[in-house]
There are 2 protein chains.
Amino acid sequence: MAENDCRTTLIAAATPLFAERGFNGVSVREIAGVACVNVSMISYYFGGKEGLYAAVLNEQFAVFKGVAEIALLKADPLKKFELYVRGTVARYRRNPYLLRFYTSELTNPTPCFATIVKPAIQGVVKTLQEFFTDGLSHHEFREGLDPTDTALALAGMINFYFLVEPATGELVDHSPRRDEELIRHIMDIFANGALKQGK
Amino acid sequence: MAENDCRTTLIAAATPLFAERGFNGVSVREIAGVACVNVSMISYYFGGKEGLYAAVLNEQFAVFKGVAEIALLKADPLKKFELYVRGTVARYRRNPYLLRFYTSELTNPTPCFATIVKPAIQGVVKTLQEFFTDGLSHHEFREGLDPTDTALALAGMINFYFLVEPATGELVDHSPRRDEELIRHIMDIFANGALKQGK
DNA sequence: GTCTATATTGCGATAGAC
DNA sequence: GTCTATCGCAATATAGAC
């Protein structure tokens with residue numbers, strides 16, 4: 001196998017395994033088996049199991065850089081929130097293992113949490129805080145709301161929908177063809193709340 | 001050590017270890033060491049490591065039964081949602097490891113997911129769906145909203161706030177003394193949204 | 001019920017041949 | 001770069017003494 005093929009084949013094989021069973025739930029033997037590559041190649045290319053895991057996570061969390069780019073656009077703060085929601089849905093659809101690494105690292109952190117995961121999450125939250133603070137100065141949002149709590153509330157609605165899917169798949173349709181409705185719905189609650197006017 | 005002491009000591013020692021490092025991240029030797037109990041007691045009382053883990057999860061997820069009890073109260077649907085939010089915050093404060101098991105099982109399921117975790121989560125979601133459907137028939141909520149999506153949106157705001165704490169602890173004050181403000185804030189967004197009137 | 005001692009298996013890593 | 005073979009260690013589980 002060509003030099004670079006081996007690296008990428010190993011990362012491709014390791015990604016779903018690590019995502020579904022966690023770092024400690026997978027052995028290097030199994031990864032090598034799935035990748036049809038000799039076990040020793042993991043040490044050769046990545047310096048060991050931890051190095052391979054770090055390479056997987058670096059690839060996964062690189063996609064969060066896209067959130068910061070929304071800030072550069074010329075658009076309403078509320079429209080930017082919607083772009084974040086749309087981008088997040090698209091991100092999870094395109095990278096079906098991303099959320100698992102995200103929550104797995106928050107719940108059972110490895111050394112990668114401090115170096116890769118935490119900076120990525122902080123970057124997203126800071127960007128959302130910015131949107132809200134910006135919107136406040138444009139008098140678009142209600143004054144009583146805390147920028148950070150509001151940012152986390154929106155991020156929570158969208159992230160939790162994907163997180164809880166294994167438990168609620170039978171109660172709710174989580175298929176991609178309902179994504180547009182989901183986005184409209186989340187933005188509607190975020191913007192206007194659930195209560196009837198005057199209640 | 002007395003017969004029943006041994007069981008409870010093992011569960012008490014295993015709970016934080018499993019919560020922080022996951023099922024595969026902890027060895028029975030370590031658990032026994034922390035509990036100051038002989039390793040073989042785990043097999044004796046629980047039939048093995050998996051049995052001990054199941055006992056821990058059963059204890060943890062039993063507290064979700066409290067959500068169904070809200071449905072029995074005579075109160076507004078919106079008030080019931082608030083009781084759910086308050087109960088959830090109190091539940092996570094009282095059981096500091098609960099959320100870790102919750103997300104760990106959603107992300108890297110063990111055999112306990114199907115038997116313990118999934119039924120517990122489905123019970124909560126069904127109860128919240130009920131609140132919303134009930135509120136719709138009382139014309140308390142806006143008609144365009146989907147009951148399930150709305151339920152998941154509220155659950156997402158509150159759960160995500162606690163989940164993301166390891167990453168945002170430096171950006172946001174997650175301490176219990178801010179809980180009351182958090183509850184008011186989440187209920188405010190849920191009820192009224194973030195947008196200024198007329199925007 | 002609780003202990004020691006051990007059986008058995010699987011792990012990650014690597015030396016050294018090619 | 002890639003392979004085989006193996007080292008050293010840690011894992012869970014349990015047999016059997018007390």
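Note on naming: letters A, B, ... go to the chains in the order of the sequence lines (proteins, then strands), and numbering restarts at 1 for each one.
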Quick check for you: among C:dA13, D:dC3, C:dC3, whose closest atom lies nearest to any side-chain atom of A:Met41? D:dC3

Rounded to whole angstroms, how far apart are CZ on A:Phe46 and C1' on C:dA13? 16 Å

For A:Ser27, answer base if it contacts any base atom (sugar-phosphate contacts may also be present), sugar-phosphate if it contacts only those atoms, and nothing otherwise; contact means non-hydrogen atoms under 4.0 Å. sugar-phosphate

Considering only side-chain heavy atoms of A:Tyr44, which listed nucleotide, D:dG1, D:dC3, C:dC3, is closest? D:dG1

With no angle test and no hydrogens, is the base of C:dG10 tied to the side chain of A:Arg29 by a donor-acceptor pair under 3.5 Å? no

Checking only heavy atoms, does the side chain of A:Ser40 share a donor-acceptor pair with the base of D:dC3 at less than 3.5 Å? yes

Spacing of B:Phe23 atom CZ relative to D:dA11 atom C1', expressed in whole Å: 11 Å

Candidates D:dC3, D:dA13, C:dA13 - which lies nearest the side chain of A:Lys49: C:dA13

Under the ring pair (Phe, Tyr, Trp, His ring centres under 6.0 Å) test, residues paired with B:Tyr53 that sit two or more places apart: B:Phe18, B:Phe23

Hey, could you give me each pair passing salt bridge (Lys or Arg N to Asp or Glu O under 4.0 Å) that has a residue in residues 68-80 of chain B? Not counting sequence neighbours. B:Lys79-B:Glu82

In whole Å, what is the span from the CD1 atom of A:Ile31 to the P atom of C:dG12? 8 Å

Give the rounded distance in Å between these two atoms: CG of B:Asn38 and C1' of D:dA17. 13 Å

Please name the residue in the list B:Arg184, B:Arg86, B:Arg93, B:Arg91 that meets the salt bridge (Lys or Arg N to Asp or Glu O under 4.0 Å) test with B:Asp179. B:Arg93

When the distance from CD of A:Glu50 to P of C:dA13 is rounded to whole Å, what number comes out? 8 Å

Find the distance B:Leu10:CG to C:dG1:P and express it as a whole number of Å. 14 Å

Which atom names give the shortest non-hydrogen contact between A:Ala167 and B:Gln122, and what distance separates them? O-NE2, 2.9 Å

Nearest of C:dG1, D:dA13, C:dT4 to any side-chain atom of B:Tyr45? C:dG1

What's the CD1-C1' distance between B:Ile42 and D:dT14, to the nearest Å? 14 Å

Round to a whole Å and report the spacing from CG of A:Asn24 to C1' of D:dA10. 13 Å

Less than 6.0 angstrom separating the ring centers of A:Phe131 and A:Tyr84, yes or no? no

